[in-house]
Structure formats: C-alpha cells, structure tokens
Amino acid sequence: MKLPGKRFEIAGNAIHILHDPEERLQSLLLLIASARHSLTLSMYMFHNDTSGTEVRDAVAAAARRGVGLLFCILFYLLLYFILYGVTMI
C-alpha cells in the first residue's frame with residue numbers, strides 16, 4: 001500500500017510521517033479499511049466531530065468484517081485517571 005509522507009522502517013515496521021491533517025485522516029481511513037485480521041489504534045484524543053465520526057464508522061465497519069480491535073484513547077484515559085483518582089501500580 002502506498003501512503004503519502006516520509007517513510008521510515010524500524011524493526012520491520014513501516015512508519016510514515018504525515019504533516020497535512022487531511023493526508024493523515026485519509027491515510028488512517030485507508031489503513032483501517034484495509035485491515036483484515038487485527039487493528040491496533042493508539043490515539044491522543046478522539047472527538048465527536050466530522051473526523052472522529054469517520055474514524056468511528058471505519059473502525060465499526062472493520063469490527064463487522066471480523067477484524068480484531070485494540071483501541072486506546074490516551075487523553076481520555078489519562079483524564080479518567082486524574083478525575084477519579086485512579087492509581088497505576
């Protein structure tokens with residue numbers, strides 16, 4: 001799969017640096033749509049806006065195709081820990 005941006009390979013993993021927000025979103029949607037077995041997403045935050053809805057719908061479609069999902073939204077997890085005084089051991 002050809003993605004835009006500068007490409008690096010580290011330990012067998014392809015990393016693409018994308019500066020343009022629209023390129024990032026379209027690349028993310030393409031990667032989600034192409035997932036066949038599993039999908040691991042780690043995001044800083046996730047909003048209920050146009051982009052968030054597109055990503056949510058793409059992830060839901062992947063789940064319906066039987067793709068295994070691991071989805072970590074870091075900002076809200078951290079906020080939850082702060083608000084509710086959860087301590088990590």
Side-chain angles (χ1 to χ4, degrees):
M1 171 182 323
K2 177 101 170 101
L3 295 174
K6 185 157 175 110
R7 182 182 189 278
F8 300 91
E9 189 166 319
I10 300 174
N13 297 297
I15 298 170
H16 294 262
I17 306 298
L18 304 170
H19 296 284
D20 179 69
E22 188 58 30
E23 278 187 343
R24 280 195 305 268
L25 175 61
Q26 294 309 313
S27 295
L28 178 60
L29 294 172
L30 177 63
L31 289 168
I32 294 169
S34 68
R36 299 289 173 248
H37 304 288
S38 66
L39 178 64
T40 302
L41 291 173
S42 177
M43 304 181 85
Y44 170 66
M45 68 177 70
F46 193 82
H47 288 287
N48 187 19
D49 58 7
T50 303
S51 299
T53 300
E54 288 182 69
V55 172
R56 180 203 64 204
D57 292 348
V59 168
R64 286 191 297 274
R65 291 194 312 271
V67 174
L69 301 172
L70 176 59
F71 198 24
C72 180
I73 305 169
L74 302 174
F75 176 79
Y76 292 113
L77 184 61
L78 178 60
L79 184 60
Y80 176 85
F81 286 168
I82 292 168
L83 288 177
Y84 294 99
V86 176
T87 335
M88 295 181 68
I89 299 175

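For this chain, numbers begin at 1 and follow the sequence in order.
Arg24 contributes a side-chain N or O that, together with a main-chain N or O of His19, makes up a donor-acceptor pair within less than 3.5 Å.
His16 and Pro4 make their closest contact through ND1-O, 3.6 Å (heavy atoms, listed as atom of the first residue, atom of the second, distance). What you find for Arg36 and Ala33 is that their closest heavy atoms are NH1-O, 3.3 Å. Taking each heavy atom of Arg65 and Ala35 in turn, the nearest pair found is NH2-O, 3.0 Å.
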side-chain contact (heavy atoms from CB on, under 4.5 Å) for Ile32 and Leu41? Distances and angles first, verdict last.
CA-CA 9 Å; Ile32 294 169; Leu41 291 173; 4.1 Å; yes

Can you check side-chain contact (heavy atoms from CB on, under 4.5 Å) on Val67 and Val59, steps first, answer last?
CA-CA 9 Å; Val67 174; Val59 168; over 6 Å; no

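With hydrophobic clusters built from ILVMFWY side chains whose heavy atoms lie under 4.5 angstrom apart, Leu18 does not share a cluster with Leu29. The hydrophobic clustering, which links ILVMFWY residues whose side-chain heavy atoms are closer than 4.5 Å, places Leu28 and Leu39 together.
The CD atom of Gln26 sits 6.5 Å away from the CD atom of Glu54 when rounded to the nearest 0.5 Å. In this structure, CD1 on Ile17 lies 12.0 Å from CG on Leu3, to the nearest 0.5 angstrom.
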